[in-house]
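The structure presented is a predicted model; accordingly, all values stated were derived computationally and were not measured. Below, read A as the first sequence line, B as the second, and so on, with proteins coming before strands; counting in each chain starts at 1.
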Number of protein chains: 2
Amino acid sequence: MKKTTIHEIAKALGIDSSTVSRALNDSERVKPRTKKRVLEKAQELGYTRNMLASNLRRNKSNTIGVIVPRISRYFFSSTIAGIEETAYKAGYSVIICQSREDVNRERKIISNLMANRVDGILMSVTMETKDSSHLTECFEKGMPLVFFDRHVEGMNQTGKVVIDDVKGGFEATEHLIKQGCRKIAHFTAPLDVEIYKNRHKGYCMALEKYSIHYDKNLVYISTLLKEDGYFLAEKIVNECDGVDGIFSANDFAAIGAMNFLKSIGKKIPEEIAIAGFSNEPTSAVIEPSLTTVDQSGTEIGRLACNLLLDYFKNGNTLVNNKTIMIQPKLIVRDSSQKKSNFKEMRLNIGFK
Amino acid sequence: MKKTTIHEIAKALGIDSSTVSRALNDSERVKPRTKKRVLEKAQELGYTRNMLASNLRRNKSNTIGVIVPRISRYFFSSTIAGIEETAYKAGYSVIICQSREDVNRERKIISNLMANRVDGILMSVTMETKDSSHLTECFEKGMPLVFFDRHVEGMNQTGKVVIDDVKGGFEATEHLIKQGCRKIAHFTAPLDVEIYKNRHKGYCMALEKYSIHYDKNLVYISTLLKEDGYFLAEKIVNECDGVDGIFSANDFAAIGAMNFLKSIGKKIPEEIAIAGFSNEPTSAVIEPSLTTVDQSGTEIGRLACNLLLDYFKNGNTLVNNKTIMIQPKLIVRDSSQKKSNFKEMRLNIGFK
DNA sequence: GAAAATAATACAATCGATTGTATTACATAT
DNA sequence: ATATGTAATACAATCGATTGTATTATTTTC
């Protein structure tokens, strides 16, 4: 099944293929009447421009590469949705790849995207990405790179869209303190990942503000899966007396912890108050509903994509070291409100 | 920032670019020693193959286009994850597009993917896709197409991966009946969408088996959003007495309904039992946990992608009209069990 | 009506890799 | 040493579109 080319259109009309090309691109170098004839013939022959050829010639693929740890995470899939929407409007396609938290895979993906000559890359790094040689290679080779959410410290040659994790962590922790918690555990992931480092920092700042002693034994590092939360909660209950609050750096671990606590009949929030991070859809649905920090994935995706598109238009200046920081929003729900508040409860049952 | 080409490698080594190309492709027409020299020089010059050029020449893009209504739906994002994983292993990239339930957008996306010369398309159609001229055009132009989940009736020229929706609908409804429900409402979407038609069919079959009168006033057609479920439940309570069960064709509407019913103090499942469809993550977390029908998105994605990959390898025979039907699995949880069963509850709280 | 200016189109190179065919180099056989 | 065969590489066309330059039509100007 061979496709029609501009040459066949040209031959059919007895004109040159360059004229056909210009006509199809609506160049003012072609007489309106000729344009019309070309367009009609193209239609008639079922012509579809071969973007491979076009891209090769123009040295531009009109494609953006996106790398996330896992597509099926709600936060990331909504980020992707925001990216796709923005890219689509601007006439770009998006190639989606998942690193699955594996740096080697991340490395391969990047070289693959480079080979495919994507115009730019949007990415959220894996938890293991410390050595960033494959990333520095990107802009050494002139490939624009914008981080969103998970980024790498010290990589200032690119743009970033991040949320103010310090503030998010601070507010969640402060809220727990204000609700009366005095011994607050913190679930987090390896602290060399910027976002977890910052959420942890916010946690520390809140403790300090209220003169609560920072106890490093209360900080649990894991991969923050639901299972991790479940077993860490079990550990806390068995080994660590008097914990009256948990701030988890993501919702999954928080939900896992809630599952365990509910299974042994601990009262949430009366005995242990809980706050998560990310506002996953399940957080609104679980009972008690989970207090969390909202970070709009769709919005982050849009902003990151726009940052890249700006770069395409206006060159280096805009992206270079530009950081867009989104303000997180604490969403207070039932898992943390020791003094229950009927009105607020009603509101927070509602639709997300 | 210009990239190195095979010609520069060739010049540097004083050999021809065709030899370089063959060396890079590990052809046996090149002496091992020359190969080694080429590879080293390529490394030294930081060469990355330009896939645009390669693809143009080979008339193959090693790319698969994927179209889903919405990326951020868990079912679809997990499908995409399965597709990406399978494609990646086989050396393919995936371009992801969302139709947003808009046929016109779907149409544009398809022509865009064709222009980009993707090797094949995997898609789940919009709810509005009835006229399928843009789809028939696909294989008229020789573009392999495989449907997953939402497909179009009568399009037998392509492959499909679907779940047995009739069976799923039947089992969910039968389960409700066995729990004692006698007046079961059904939430669904326009019945010209195959999957909803089939779930509805399963619903009818179950009613018939147990000699329950089919009442068309109990079948509510909407877009099946959470909001739809909420308002439909309200409608039922206000206008339609004696409904003791709801089978919703997706989990969102079921959850919306539960929210309403809980807000007015209706007991689930005692007064109204509920079953959904899809096994969204929230369905396991909501209280009472939602009985639903599982359709593994990841698995569907893998199968659909493999079907396409088979086609690439073995030609037309395999895809043509090949339908892979996945068996759905009824997951019984608390929202439907009138006689509560402690063991089963424990199991179903567990990790998804 | 001829010269000048401009519009419209044709020519030809190019993007970077691939691949069928031709040529050269080298080894083996006679 | 010459013929024969094969291994290794070079040549050249090609994929389909784009684009700078050259050429031909057409219009404008005097």
Side-chain angles (χ1 to χ4, degrees), chain A residues 1-39 41-42 45-63 91 112 114-119 141-142, chain B residues 1-39 41-42 45-63 91 112 114-119 141-142:
Chain A
M1 188 96 8
K2 65 178 174 312
K3 303 282 190 343
T4 336
T5 70
I6 51 171
H7 301 100
E8 304 176 45
I9 298 177
K11 200 184 294 171
L13 294 175
I15 61 178
D16 190 79
S17 60
S18 62
T19 303
V20 174
S21 172
R22 290 197 167 93
L24 291 170
N25 286 307
D26 204 23
S27 155
E28 73 295 330
R29 277 177 63 172
V30 179
K31 199 181 0 181
R33 202 175 145 276
T34 312
K35 261 185 210 173
K36 189 153 168 283
R37 288 174 62 215
V38 169
L39 257 39
K41 186 58 84 180
L45 299 180
Y47 171 80
T48 319
R49 180 199 256 104
N50 186 331
M51 293 308 288
L52 294 177
S54 172
N55 292 340
L56 171 62
R57 184 58 232 255
R58 293 177 309 130
N59 197 30
K60 185 167 187 322
S61 66
N62 262 67
T63 301
N112 185 250
M114 304 250 282
N116 276 291
R117 299 295 191 268
V118 295
D119 295 330
K141 295 206 174 175
Chain B
M1 188 95 9
K2 64 176 178 311
K3 303 284 192 341
T4 336
T5 70
I6 51 171
H7 301 101
E8 302 175 48
I9 297 176
K11 198 184 296 173
L13 295 174
I15 61 178
D16 191 78
S17 60
S18 61
T19 304
V20 174
S21 172
R22 291 197 166 93
L24 291 170
N25 285 308
D26 203 23
S27 154
E28 73 296 330
R29 276 178 63 173
V30 179
K31 202 188 345 186
R33 202 175 145 278
T34 312
K35 262 186 211 174
K36 189 152 167 283
R37 287 174 64 215
V38 169
L39 257 38
K41 186 57 86 177
L45 299 179
Y47 171 81
T48 320
R49 180 199 256 104
N50 186 332
M51 294 309 287
L52 295 178
S54 171
N55 292 340
L56 171 61
R57 183 59 231 255
R58 292 177 310 130
N59 196 30
K60 185 165 188 321
S61 65
N62 263 69
T63 301
N112 184 251
M114 305 249 281
N116 276 290
R117 299 294 191 270
V118 295
D119 295 329
K141 296 205 174 173

If you find the nucleotide of DNA chain D closest to B:L56 and the one closest to B:S18, which residue's nucleotide is nearer the 5' end?
-> B:S18

Taking the side chain from B:D16 and the backbone from B:S18, do they hold a donor-acceptor pair closer than 3.5 Å?
-> yes

Polar contact flag, side-chain donor to acceptor under 3.5 angstrom, A:N25-A:S27 | no

Identify whether any heavy atom of B:I15 sits under 4.0 Å from a base atom; if not, whether one sits that close to sugar-phosphate; answer base, sugar-phosphate or nothing.
-> sugar-phosphate

Do A:R33 and A:R37 have side chains that get closer than 4.5 Å, going by heavy atoms?
-> yes

Measure from the side-chain N and O atoms of B:N50 to the backbone N and O of B:L52, and report whether any donor-acceptor pair falls under 3.5 Å.
-> yes

Side-chain donor/acceptor of A:D119 to backbone N/O of A:K60, under 3.5 Å = no

Nucleic acid contacts of residues 23-37 of chain A, taken as heavy-atom distances under 4.0 Å to DNA chain D = A:N25, A:R29

Please work out if A:R49 contacts a base, only the sugar-phosphate, or nothing of the nucleic acid, heavy-atom cut-off 4.0 Å.
-> sugar-phosphate

Checking all strands, does B:T5 fall into the base, sugar-phosphate, or nothing category for heavy-atom contacts under 4.0 angstrom?
-> sugar-phosphate

With no hydrogens and no angle check, is any side-chain donor or acceptor of A:K141 less than 3.5 Å from a backbone partner on A:M114?
-> no

Least distance between heavy atoms, A:K3 atom then A:E8 atom = O-OE2, 3.5 Å

Straight-line distance of B:T63 OG1 to B:N55 CG, nearest 0.5 Å | 6.5 Å

When rounded to the nearest 0.5 angstrom, what distance separates CZ in A:R117 from CE in B:M51?
-> 10.0 Å

Could you tell me whether a side-chain N or O of B:T4 sits under 3.5 Å from a main-chain N or O of B:L45, the two making a donor and an acceptor?
-> yes

If you pin B:D16 and B:N59 to their nearest nucleotides in DNA chain D, which one's is more 5'?
-> B:D16

Under a criterion of less than 4.0 angstrom to any heavy atom of chain B, what are the 5'-terminal and 3'-terminal contacting nucleotides of DNA chain D?
-> D:dA8 to D:dG16

Between B:S21 and B:I6, what is the shortest heavy-atom contact and its length?
-> CB-CD1, 4.2 Å

Estimated bend of the helix from C:dG1-D:dC30 to C:dT30-D:dA1 (axis per five terminal pairs, rounded to 10 degrees) = 50°

